[in-house]
Peer 1: 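Below are the structure tokens for one structure; questions will follow.
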Amino acid sequence: MQTATPHHPTLPVEKQEFRDAMARLGTAVNIITTDGPAGRAGFTASAVCSVTDTPPTLLVCLNRSASVYPMFKQNHVLCVNTLAHSHESLSNLFGGKTPMEQRFEAAEWSTLATGSPILSGALVSFDCKITQITSVGTHDILICEAVALVRNDESHGLAYFDRRYHSLMRAANSGS
Ligand SMILES: NC(=O)C1=CN([C@@H]2O[C@H](COP(=O)(O)OP(=O)(O)OC[C@H]3O[C@@H](n4cnc5c(N)ncnc54)[C@H](O)[C@@H]3O)[C@@H](O)[C@H]2O)C=CC1
Ligand SMILES: Cc1cc2nc3c(=O)[nH]c(=O)nc-3n(C[C@H](O)[C@H](O)[C@H](O)COP(=O)(O)O)c2cc1C
């Protein structure tokens with residue numbers, strides 16, 4: 001059944017109405033990590049997308065009021081770890097108010113080029129340096145250039161849609 005939400009063109013879109021609309025956009029789920037002089041930190045993010053492949057660049061949107069914000073701002077490096085379907089509880093751990101040590105104790109990590117934590121079993125990890133930061137409203141858009149990658153071609157994916165997690169099944173013989 002289709003439910004229309006009429007909206008008067010001259011009225012501003014309310015925050016709740018915007019969130020209800022954004023909940024209709026299915027996304028991948030990622031744990032964004034950093035380490036460096038300001039310390040180790042990580043949070044769950046759905047606001048991640050590809051910007052350009054030349055140079056290989058992603059963007060991540062981070063709320064400036066998050067406890068992890070100063071670490072990302074000061075370390076200037078991060079890793080985008082895209083979650084597999086087995087990572088649902090880890091996603092909640094990094095998306096809640098859990099102390100940082102407890103978040104990292106729940107999984108295995110390594111490092112690659114920048115020193116940012118690489119999640120074992122992630123579908124893909126983009127190890128990045130942060131090249132630009134732009135503030136928009138409550139969030140900063142972190143522009144990130146990938147300097148190294150790890151890919152896992154076995155696991156099924158995890159999607160976030162309609163405020164719930166969904167498994168994304170990989171076809172047999174996929175993985176180009
Ligand atoms: N971009 C962000 O900062 C996001 C933050 N969240 C956090 O997780 C909580 C739970 O999210 P949901 O279960 O999806 O229910 P929700 O009703 O709070 O959010 C629905 C959708 O609105 C968008 N959204 C939520 N908070 C936002 C924010 N502060 N800035 C920009 N977009 C935002 C996201 O697309 C989200 O999936 C949110 O209240 C928020 O604290 C979740 C998704 C994205
Ligand atoms: C599925 C999901 C997606 C999220 N996406 C984002 C996001 O894209 N950007 C963001 O700033 N916070 C996002 N959050 C919220 C952060 O993960 C959360 O605020 C994080 O724990 C950092 O907060 P804290 O360090 O203050 O505890 C998301 C949370 C969940 C559960």
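Residue numbers count from 1 along this sequence. Start at 1 and go down the list; that is how both ligands and their atoms are numbered. Just so it is clear, the model here is predicted, and its values are computed rather than measured.
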Peer 1: Any protein heavy atom lying closer than 4.0 Å to atom 9 (C) of ligand 1?
Peer 2: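 For atom 9 (C) of ligand 1 the answer is no, since every protein heavy atom stays at 4.0 Å or beyond.
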Peer 1: Please determine if Ala66 has a nitrogen or oxygen closer than 3.5 Å to a nitrogen or oxygen of ligand 2.
Peer 2: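 No; every N/O pair is 3.5 Å or more apart.
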Peer 1: Counting the benzene-type ring for Trp, do Phe43 and Tyr69 have ring centres under 6.0 Å apart?
Peer 2: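 Judged by ring-centre distance (under 6.0 Å), Phe43 and Tyr69 do not meet the cut-off.
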Peer 1: Please identify which atoms of ligand 2 are closer than 4.0 Å to at least one heavy atom of Gly95.
Peer 2: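 Those of ligand 2 that fall under 4.0 Å from Gly95 are 17 (O), 18 (C), 21 (O).
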Peer 1: Polar-atom distance check: Ser67 versus ligand 2, any N or O pair below 3.5 Å?
Peer 2: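 Looking only at distances, the answer is yes, because the N/O contact criterion of under 3.5 Å is met.
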Peer 1: Is Arg103 near ligand 2, meaning one of its heavy atoms is under 4.0 Å from it?
Peer 2: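 Distance cut 4.0 Å: Arg103 passes for ligand 2.
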Peer 1: Which of the atoms in ligand 1, numbered in the order shown and given with their element, are less than 4.0 Å from a heavy-atom of Ser46?
Peer 2: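 Here the atoms of ligand 1 in question are 43 (C), 44 (C).
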Peer 1: Nearest to atom 34 (C) of ligand 1, what protein heavy atom do you find, and at what distance?
Peer 2: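 Nearest neighbour among protein heavy atoms for atom 34 (C) of ligand 1, to 0.1 Å: Met22 CB, 4.2 Å.
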Peer 1: Do Ser65 and ligand 2 have an N or O pair less than 3.5 Å apart?
Peer 2: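 No: no nitrogen or oxygen of Ser65 is under 3.5 Å from one in ligand 2.
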Peer 1: Would you say the side chain of Leu142 lies within less than 4.5 Å of the side chain of Leu58, judging by non-hydrogen atoms?
Peer 2: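 The answer is no, as the side chains (C-beta and beyond) never meet within the 4.5 Å cut-off.
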Peer 1: Please state which option from Tyr165, Phe43, Phe94 has its nearest heavy atom closest to atom 31 (C) of ligand 2.
Peer 2: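 The nearest heavy atom belongs to Tyr165.
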Peer 1: Purely on distance, is any nitrogen or oxygen of Thr138 under 3.5 Å from one on ligand 1?
Peer 2: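 Between Thr138 and ligand 1 (N or O atoms, distance only) the closest approach is not under 3.5 Å.
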Peer 1: Between the candidates Val29, Thr98, Thr44, Leu142, which shows the shortest non-hydrogen contact distance to atom 14 (N) of ligand 2?
Peer 2: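 Considering heavy atoms of Val29, Thr98, Thr44, Leu142, the nearest to atom 14 (N) of ligand 2 sits in Thr44.
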Peer 1: Under 4.0 Å from any heavy atom of Val68, which atoms of ligand 2 are there?
Peer 2: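 Contacts of ligand 2 toward Val68, numbered from 1: 25 (O).
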Peer 1: Would you call Gly95 a ligand 1 contact, heavy-atom distance under 4.0 Å?
Peer 2: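 It does not; every heavy atom stays at 4.0 Å or beyond.
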Peer 1: Which residue and non-hydrogen atom of the protein lie closest to atom 39 (O) of ligand 1, and at what distance in Å?
Peer 2: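 Going atom by atom, the protein heavy atom closest to atom 39 (O) of ligand 1 ends up being Arg19 NH1, 3.1 Å.
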Peer 1: Quick one: do Leu78 and Leu90 end up in the same hydrophobic cluster if we chain Ile, Leu, Val, Met, Phe, Trp and Tyr together by side-chain heavy atoms under 4.5 Å apart?
Peer 2: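 Same cluster.
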Peer 1: For atom 9 (N) of ligand 2, what's the nearest protein heavy atom and its distance?
Peer 2: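 Atom 9 (N) of ligand 2 sits closest to the protein heavy atom Cys61 O, 2.8 Å.
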Peer 1: Quick test of your reading of the model: are Asp20 and Lys15 salt-bridged, counting only N-O distances below 4.0 Å?
Peer 2: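 Here Asp20 does not pair with Lys15 in a salt bridge, since their nearest N and O are not under 4.0 Å apart.
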Peer 1: Which part of Ala41 is near ligand 2, with near meaning a heavy atom under 4.0 Å away: side chain, backbone, both or neither?
Peer 2: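 Within the 4.0 Å criterion, Ala41 makes no contact with ligand 2.
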Peer 1: Less than 4.5 Å apart, side chain to side chain, heavy atoms only: is that true for Asn92 and Tyr165?
Peer 2: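 SC-SC contact between Asn92 and Tyr165 confirmed.
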Peer 1: So Ile143 and Thr57, do their side chains get closer than 4.5 Å, heavy atoms only?
Peer 2: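 Yes; the side chains approach each other to less than 4.5 Å.
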Peer 1: Which residue and non-hydrogen atom of the protein lie closest to atom 16 (P) of ligand 1, and at what distance in Å?
Peer 2: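 For this ligand atom, the closest protein heavy atom is Arg163 NE, 3.7 Å.
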Peer 1: For atom 5 (N) of ligand 2, what is the closest protein heavy atom, and at what distance to 0.1 Å?
Peer 2: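 The closest one turns out to be Ser46 N, 3.0 Å.
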Peer 1: Look at the aromatic rings of His166 and Phe161 and report parallel, tilted or perpendicular, splitting at 30° and 60°.
Peer 2: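 Rings of His166 and Phe161: tilted, as their planes differ by 30° to 60°.
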Peer 1: Answer yes or no: does an N/O atom from Tyr160 fall short of 3.5 Å to an N/O atom of ligand 1?
Peer 2: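 Looking only at distances, the answer is yes, because the N/O contact criterion of under 3.5 Å is met.
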Peer 1: Just so I know, are the side chains of Asn30 and Thr44 near enough to count as touching, which here means a heavy-atom distance under 4.5 Å?
Peer 2: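 Asn30 vs Thr44: side chains apart.
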Peer 1: Please write down residue, atom name and distance for the protein heavy atom closest to atom 11 (O) of ligand 2.
Peer 2: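 The closest heavy atom on the protein side is Asn63 N, 2.8 Å.
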Peer 1: Do the side chains of Glu101 and Arg40 get close enough for a salt bridge, i.e. N-O under 4.0 angstrom?
Peer 2: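 So Glu101 pairs with Arg40 through a salt bridge.
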Peer 1: Distance to 0.1 Å, residue and atom name: give those for the protein heavy atom nearest to atom 32 (N) of ligand 1.
Peer 2: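 Heavy-atom neighbour on the protein nearest atom 32 (N) of ligand 1: Phe18 CE2, 4.5 Å.
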Peer 1: Among all the protein's heavy atoms, is there at least one whose distance to atom 22 (O) of ligand 1 comes out below 4.0 Å?
Peer 2: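 Looking at atom 22 (O) of ligand 1, one finds that a protein heavy atom does lie closer than 4.0 Å.
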Peer 1: With a 4.5 Å heavy-atom cut-off, do Thr82 and Val80 have their side chains touching?
Peer 2: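 Yes - at least one pair of side-chain heavy atoms lies under 4.5 Å apart.
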Peer 1: Please report whether ligand 1 has a polar contact with His139, defined as an N or O pair separated by less than 3.5 Å (distance criterion only).
Peer 2: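 In this structure, His139 places an N or O atom under 3.5 Å from an N or O of ligand 1.
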Peer 1: At their closest point, which heavy atom of Pro117 faces which heavy atom of Thr33, and how far apart are they?
Peer 2: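 In this case the closest contact between Pro117 and Thr33 is O-OG1, 2.6 Å.
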Peer 1: Do Asp35 and Ser116 get their side chains close enough for a donor-acceptor pair, meaning under 3.5 Å?
Peer 2: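 There is no such pair between these side chains.
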Peer 1: Find all atoms of ligand 2 within a distance of less than 4.0 Å from any non-hydrogen atom belonging to Leu62, and give their numbers and elements.
Peer 2: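 Counting from 1, the qualifying ligand atoms are 11 (O).
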Peer 1: Ignoring hydrogens, tell whether any protein atom lies closer than 4.0 Å to atom 5 (C) of ligand 1; use the non-hydrogen atoms only.
Peer 2: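 Given the 4.0 Å limit, the answer for atom 5 (C) of ligand 1 is no, no protein heavy atom qualifies.
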Peer 1: Around atom 21 (O) of ligand 2, find the nearest protein heavy atom and jot down its residue, atom name and distance.
Peer 2: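 Looking at atom 21 (O) of ligand 2, the protein heavy atom closest to it is Gly96 O, 3.0 Å.
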Peer 1: Does the side chain of Ser89 reach to within under 4.5 Å of the side chain of His87, using non-hydrogen atoms?
Peer 2: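 SC-SC contact between Ser89 and His87 ruled out.
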Peer 1: Check whether any side-chain heavy atom of Asn63 lies under 4.5 Å from a side-chain heavy atom of Asp140, and answer yes or no.
Peer 2: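 No; the side chains remain at least 4.5 Å from each other.
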Peer 1: Decide whether Leu62 and Ile31 are clustered together by the hydrophobic rule: side chain heavy atoms of Ile, Leu, Val, Met, Phe, Trp, Tyr closer than 4.5 Å, transitively.
Peer 2: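 Yes, one cluster joins them.
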Peer 1: Does the side chain of Val29 reach to within under 4.5 Å of the side chain of His85, using non-hydrogen atoms?
Peer 2: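 Contact flag for Val29/His85 side chains = no.
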Peer 1: Taking only heavy atoms of Ala47, which atoms of ligand 2 are found under 4.0 Å from at least one of them?
Peer 2: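 Near Ala47, meaning under 4.0 Å from one of its heavy atoms, ligand 2 has 8 (O).
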Peer 1: So, for atom 42 (C) of ligand 1, does the protein have a heavy atom nearer than 4.0 Å?
Peer 2: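 No.
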